Amino acid sequence: MKNDAYNKFIELKNNESIDKKRVSNIKDQQLSILSSKINIEMNRLNNIIYKEENNAQILSFSKNNYSFATPENTGTGIAYKGLVIFDISVLNLTNLPIIVHDSFVLKQISDKAFEKILELYIKSEKQVIIAIDKKNSYTDETQKILDESVILNLGSNGNELFGKSWG
């Protein structure tokens, strides 16, 4: 009886080890599939924006970490563009219904790239909300796109949200 219990204990311990390895392998496979899909979409969007003039960001996962970087370019504008492209990629690939980007992120991106990003926003079938400061600092074409697609325009002199300036 004791031998049977011990043998069952050993069998369960072996199964636990096998199951842990199986779960780890499945996790690695899923992360590989996920990063591949996101990287393909980010590359597609990056090529729309830059016509292959700049590298797309690459997302990769390891056991306990991830990396998200643009090969051969560590500039601030490229980093923020990468974040925006990642967000749009996730929006496109999932059931996520909305993304929100603030002027702090968007202003770091070159005007030419931002114009193309605006076009991606407009083509999206999902909700995209952006906050823009100092619209006049953008190109005429960007201002035109913003004017044609604005839903809510906040400002001073009675155009504050809830009618009150919080600043």
Side-chain angles (χ1 to χ4, degrees), residues 19-155 161 166-167:
D19 287 345
K20 282 183 180 180
K21 288 178 185 174
R22 186 179 314 137
V23 166
S24 178
N25 288 338
I26 290 170
K27 178 182 172 186
D28 290 346
Q29 289 171 353
Q30 291 300 309
L31 289 174
S32 177
I33 291 168
L34 179 65
S35 64
S36 177
K37 286 182 178 184
I38 291 172
N39 287 330
I40 289 168
E41 182 66 3
M42 286 193 304
N43 191 57
R44 184 184 76 79
L45 295 173
N46 189 74
N47 287 340
I48 290 170
I49 295 168
Y50 289 108
K51 308 250 187 276
E52 300 180 17
E53 295 168 7
N54 286 310
N55 293 327
Q57 284 65 30
I58 297 176
L59 174 66
S60 61
F61 296 101
S62 60
K63 288 282 184 204
N64 298 313
N65 207 345
Y66 74 93
S67 115
F68 183 74
T70 305
E72 302 175 19
N73 195 330
T74 58
T76 302
I78 292 293
Y80 282 104
K81 180 267 311 178
L83 174 63
V84 170
I85 287 179
F86 172 79
D87 289 348
I88 296 171
S89 296
V90 171
L91 183 71
N92 290 346
L93 295 170
T94 67
N95 291 328
L96 187 70
I98 185 171
I99 58 171
V100 179
H101 288 141
D102 186 64
S103 59
F104 179 79
V105 171
L106 298 173
K107 193 59 186 167
Q108 307 301 318
I109 300 168
S110 74
D111 289 345
K112 182 179 174 186
F114 180 58
E115 227 169 80
K116 294 289 188 181
I117 289 169
L118 282 177
E119 291 171 11
L120 291 173
Y121 288 155
I122 290 167
K123 290 177 184 174
S124 177
E125 295 178 8
K126 297 182 181 181
Q127 184 71 50
V128 177
I129 297 173
I130 62 172
I132 297 293
D133 293 335
K134 302 176 184 171
K135 182 184 80 169
N136 294 338
S137 68
Y138 291 99
T139 66
D140 290 341
E141 183 60 28
T142 297
Q143 289 180 50
K144 180 181 174 198
I145 293 169
L146 290 169
D147 287 339
E148 290 172 353
S149 58
V150 69
I151 301 297
L152 176 63
N153 193 3
L154 302 176
L161 187 60
W166 299 92

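We number each residue from 1, following the sequence as shown. Hydrogens, waters and symmetry mates are skipped; everything else that's a heavy atom, side chains included, is used. Just so it is clear, the structure is predicted and the values come from calculations on it, not from any experiment.
In terms of modelled atom types and a separation under 3.5 Å, the side chain of Asn46 and the main chain of Met42 share no donor-acceptor contact. Between the side chain of Glu141 and the backbone N or O of Lys112 there is no donor-acceptor pair closer than 3.5 Å. For Ser35 (side chain) and Leu31 (main-chain N/O), a donor-acceptor pair under 3.5 Å exists by modelled atom type. Formation of a donor-acceptor pair under 3.5 Å by the Asp102 side chain with backbone atoms of Ala131 is not found in this model.
Partners of Phe68 according to the ring-ring contact (aromatic ring centres under 6.0 Å, His included) rule, which considers only residues two or more places apart in sequence or in another chain, are Phe86. In terms of the side-chain hydrogen bond (donor to acceptor under 3.5 Å, both in side chains) criterion, residue partners of Asp19 (sequence neighbours excluded) are, by chain and number, Arg22. For Ser149, there are no side-chain hydrogen bond (donor to acceptor under 3.5 Å, both in side chains) partners two or more places apart in sequence or in a different chain.
The side-chain heavy atoms of Lys107 and Asp133, taken from C-beta on, include no pair separated by under 4.5 Å.
Residue Lys135 qualifies as enclosed at atom NZ: its count of foreign heavy atoms under 6.0 Å is above 12. Other residues, nucleotides and ligands contribute at most 12 non-hydrogen atoms within 6.0 Å of the NZ atom of Lys27.
Within the structure, ring-ring contact (aromatic ring centres under 6.0 Å, His included) contacts touching residues 88-142 (residues at least two apart or in different chains) are Tyr80-Phe104, His101-Tyr121, Phe114-Tyr138. Screening residues 89-100 for side chain to side chain donor-acceptor pair (under 3.5 Å) gives Glu41-Asn92 as the qualifying pairs, with residues at least two apart or on separate chains. The ring-ring contact (aromatic ring centres under 6.0 Å, His included) pairs that include a residue from residues 19-51 number zero, where partners must be two or more places apart or lie in different chains.
The minimum heavy-atom distance between Ile48 and Lys116, with the atom names listed, is O-CD, 4.0 Å.
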